[in-house]
Student: 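Provided herewith is a single structure, encoded as structure tokens, for subsequent inquiry.
Owing to the predicted nature of the structure, the values given are computational and were not obtained by experimental measurement.
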Amino acid sequence: MKIAMIGAGYVGLVSGACFAEFGVDVALVDMDASKIEALKAGRIPIYEPGLDTLVADNAREGRLTFTTELEAAMDGVEAVFLAVGTPTRRGDGHADLTYVFAAAEQVAKAAKGPLVLVTKSTVPVGTGREVKRRVQAVRPDLDIAVASNPEFLREGAAIGDFMRPDRIVLGVEEGPSGQRAEAVLRRLYRPLYLIETPIVSTGLETAEIIKYAANAFLAMKISFINEVADLCEKAGADVHQVSRGIGLDGRIGRKFLHAGAGYGGSCFPKDTLAFARTGQALGAPLRLVETTIAVNDDRKIAMADRVIAACGGSVEGKTIAILGLAFKPETDDMRDAPSLEIVPRLVAAGARIRAFDPEAMAVAKPLLPAAVHYAENATDAATGADALVLITEWNEFRNIAPHKLATAMKGRILLDLRNVYDPAAMREAGFTYHSIGRP
């Protein structure tokens, strides 16, 4: 079986490499020649654990190829996946579908026979129907079936999520075209069917809403527990124990109940915003989602204010060590990361910043103030600092001995925005320790 994956970004590269691992021949197509040349040379443009090995193994076996030539990639394919970007449209918050529609029309022009065109990108409800309309306008003679197959990949755990998913969602049209698309997709996902992965077959619109609804619900859980954390601080309760106490309820679940500095990344911020805008446009406002967005935006700003308050109301002339810049560990993704709000506000308040992140510093440099100093490691960042702020919970930060940090630092103020450290151990080492939602 052969497929083409349009877009060599995060979703396209991970999905393409994983399909190739299933034994499928995958042509990965991207118009960015520098990205394709890098992949051919074995250089991975993103950081994702295990992806470099997976790509190298399947490229060596000839199952995974890289090209900028769409027409050549279309030879013998049974399905083409659209995995291009859907960024927030400037000015109104809707998803920008320019790349999706352009890619669909290019595929239609290059198609050499009957085709299943699958939207892998996260797109608003109704996009599949519009893709079909545009494709038919370009190639009215083409026998093409349109489908939706949303991804549910977590950055830092994407390969495991693809290989052992909670479910596969297949959204197809009504009638023979939809039946053909579903048959092709079920054959493609047969390795997962054999390990009893649930396959949810729906209409196009339902599949499109499933993806947005899932991300919005998880974002709401994060914002909910962050607000509960603030209540815990006022009441003298422990948000860790609250999270455990409610998360053990099977109706709620334990995941995404870890209080922190707010969510970021490539999905939750833009998807919640696009979902809210869709609700408004269709006259069915999603008020909980709208509130989630507002709570999360306020959360990041509040974290900078919390650092300033912990430093006695002013950080003017003080050195602040920042551990972690990426929006989460095991990724170099800086999109909507809390650090992008926290660090500039501290710099504007007069602080000197010494920052370290194991993977994200190269990406962070053009996004953060030029005055930020980038350290060689966590201890180097802490050296001479008046206060230390942990923003991203990389494992290597968890393993730093409290006395080692205390010895390196000038002051003893520690703000643990991810509740990584043991409060008793940190206080024993002489720190004035501030956590999230803990007494």
Student: Would the distance check show the side chain of Ser243 and the main-chain N or O of Leu257 forming a donor-acceptor pair, the cut-off being under 3.5 Å?
Tutor: yes
Student: Quick one: does any side-chain atom of Asn58 pair with a main-chain N or O of Arg63 as donor and acceptor, under 3.5 Å?
Tutor: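 Judged by distance alone, no pair lies under 3.5 Å.
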Student: Got a sec, which residues hit salt bridge (Lys or Arg N to Asp or Glu O under 4.0 Å) with Arg277, two or more places apart in sequence or on another chain?
Tutor: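 Listed in chain order: nothing, the list is empty.
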Student: Using a 4.5 Å cut-off on heavy atoms from C-beta on, say whether the side chain of Ile246 contacts that of Val228.
Tutor: no
Student: Report the distance from atom CZ of Arg134 to atom CZ of Phe101, rounding to the nearest 0.5 Å.
Tutor: 4.5 Å
Student: Under 4.0 Å between a Lys/Arg side-chain N and an Asp/Glu carboxylate O for Asp96 and Lys270?
Tutor: no
Student: Is there a side-chain contact between Leu39 and Ile44, using heavy atoms and a 4.5 Å cut-off?
Tutor: yes
Student: With Asp52, which residues qualify under side-chain hydrogen bond (donor to acceptor under 3.5 Å, both in side chains), at least two apart?
Tutor: none
Student: Identify the heavy atoms of Ala274 and Ala95 that sit nearest to each other, and give their distance.
Tutor: CB-N, 4.0 Å
Student: Can you list the steps and then say if Trp394 with Leu323 is a side-chain contact (heavy atoms from CB on, under 4.5 Å)?
Tutor: CA-CA 9 Å; Trp394 287 86; Leu323 297 188; over 6 Å; no
Student: Would you check if Ser223 and Tyr263 make a side-chain contact, meaning some heavy-atom pair closer than 4.5 Å?
Tutor: yes
Student: Flag the pair Phe275 / Phe268 as yes when their ring centroid distance falls below 6.0 Å, and as no otherwise.
Tutor: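 No: the rings miss the under 6.0 Å criterion.
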Student: Of the non-hydrogen atoms in Gly262 and Pro338, which two are nearest, and what is the gap between them?
Tutor: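 That would be O-CG, 3.5 Å.
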Student: Taking all non-hydrogen atoms of both residues, which atom of Ala73 and which atom of Ala27 are closest, and how far apart?
Tutor: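 Distance-wise, the nearest heavy atoms are CB-CB, 3.8 Å.
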Student: Quick one, Ile436 and Arg418 - any side-chain contact, counting heavy atoms below 4.5 Å?
Tutor: no
Student: Please list, one pair per line, the donor and acceptor atoms closer than 3.5 Å that link side chains of residues 156-173 to other protein atoms, with sequence neighbours excluded.
Tutor:
unit_1 : atom_1 : unit_2 : atom_2 : d
Asp161 : OD1    : Arg154 : NE     : 3.3
Asp161 : OD1    : Arg154 : NH2    : 2.8
Asp161 : OD2    : Arg154 : N      : 2.8
Asp161 : OD2    : Arg154 : NE     : 2.9
Glu173 : OE1    : Lys132 : NZ     : 2.7
Glu173 : OE2    : Lys132 : NZ     : 3.3
Glu173 : OE2    : Val146 : N      : 2.8

Student: Examine distances only and state if a side-chain atom of Thr86 and a backbone atom of Val123 form a donor-acceptor pair shorter than 3.5 Å.
Tutor: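 The answer is no, because no donor-acceptor pair under 3.5 Å joins these two groups.
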Student: What residues form a ring-ring contact (aromatic ring centres under 6.0 Å, His included) with His258, not counting sequence neighbours?
Tutor: His240
Student: Looking at Tyr421, is its backbone amide N or carbonyl O close enough to the side chain of Tyr433 to form a donor-acceptor pair, meaning the two atoms are under 3.5 Å apart?
Tutor: yes
Student: Using a 3.5 Å distance criterion without hydrogens, assess whether the side chain of Lys221 forms a donor-acceptor pair with backbone atoms of Ile252.
Tutor: yes
Student: Does Arg352 offer a backbone N or O that forms a donor-acceptor pair with the side chain of Thr319 under 3.5 Å?
Tutor: no
Student: Do Tyr10 and Asp333 get their side chains close enough for a donor-acceptor pair, meaning under 3.5 Å?
Tutor: no
Student: Please walk me through it: do Arg244 and Leu248 pass side-chain contact (heavy atoms from CB on, under 4.5 Å)?
Tutor: CA-CA 6 Å; Arg244 178 171 169 77; Leu248 289 172; 3.9 Å; yes
Student: Assess the side chains of Arg354 and Thr383: does a donor N or O sit below 3.5 Å from an acceptor N or O?
Tutor: no
Student: Enter the distance from Phe224:CZ to Phe217:CZ here, rounded to the nearest 0.5 Å.
Tutor: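 The CZ atom of Phe217 is 10.0 Å from CZ of Phe224, to the nearest 0.5 Å.
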Student: Check Val26 against Gly16 and note the closest heavy-atom contact, atom names and distance.
Tutor: CG2-O, 3.6 Å
Student: What distance do Thr291 atom OG1 and Met220 atom CE have between them, rounded to the nearest 0.5 Å?
Tutor: 10.0 Å
Student: Mind checking whether Lys300 and Leu340 have side chains closer than 4.5 Å, heavy atoms only?
Tutor: no
Student: For the backbone of Ala406 and the side chain of Arg412, can you confirm whether one donor and one acceptor N or O come within less than 3.5 Å of each other?
Tutor: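 Side chain of Arg412 to backbone of Ala406: a pair is present.
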Student: Does some side-chain heavy atom of Glu21 sit less than 4.5 Å from a side-chain heavy atom of Pro191?
Tutor: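 The answer is no, as the side chains (C-beta and beyond) never meet within the 4.5 Å cut-off.
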Student: Roughly how far apart are Leu417 CG and Asn419 CG, rounded to 0.5 Å?
Tutor: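 One finds 8.5 Å between CG of Leu417 and CG of Asn419.
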Student: Looking at side-chain heavy atoms only, is the closest gap between Asp386 and Cys311 below 4.5 Å?
Tutor: no
Student: Quick one: closest heavy-atom pair of Pro369 and Val343, and the distance?
Tutor: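 For Pro369 versus Val343, the nearest heavy atoms are CD-CG1, 4.4 Å.
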Student: Going by distance alone, is a donor N or O of one side chain under 3.5 Å from an acceptor N or O of the other, for Thr127 and Glu208?
Tutor: no
Student: Check the pair Ile308, Leu346 against side-chain contact (heavy atoms from CB on, under 4.5 Å), reporting the backbone distance first and the verdict last.
Tutor: CA-CA 8 Å; Ile308 294 171; Leu346 294 178; 3.9 Å; yes
Student: For the residue pair Ala147 and Ala181, what are the closest heavy atoms and their distance?
Tutor: CB-CB, 4.3 Å
Student: Could you tell me whether the side chains of Glu182 and Ser201 share a donor-acceptor contact shorter than 3.5 Å?
Tutor: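 There is such a pair between these side chains.
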Student: Residues in ring-ring contact (aromatic ring centres under 6.0 Å, His included) with Phe431, at least two apart?
Tutor: none
Student: Could you go step by step and tell me if Glu151 and Ser15 meet the side-chain hydrogen bond (donor to acceptor under 3.5 Å, both in side chains) rule?
Tutor: CA-CA 9 Å; Glu151 53 83 18; Ser15 299; over 6 Å; no
Student: Under 4.5 Å between any side-chain heavy atoms of Tyr212 and Pro150, yes or no?
Tutor: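 When only atoms from C-beta onward are counted, Pro150 and Tyr212 do not touch, as no gap falls below 4.5 Å.
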Student: For residues 339-384, which residue pairs qualify under ring-ring contact (aromatic ring centres under 6.0 Å, His included), counting only residues two or more places apart or in two chains?
Tutor: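 Of all non-adjacent pairs touching residues 339-384, none passes ring-ring contact (aromatic ring centres under 6.0 Å, His included).
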Student: Is the closest side-chain donor-acceptor distance between Arg299 and Asn296 under 3.5 Å?
Tutor: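 Not at all, the side chains of Arg299 and Asn296 share no donor-acceptor pair under 3.5 Å.
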Student: Look at Arg133 together with Glu130 and state whether they make a salt bridge at an N to O cut-off of under 4.0 Å.
Tutor: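 Yes, Arg133 and Glu130 are salt-bridged.
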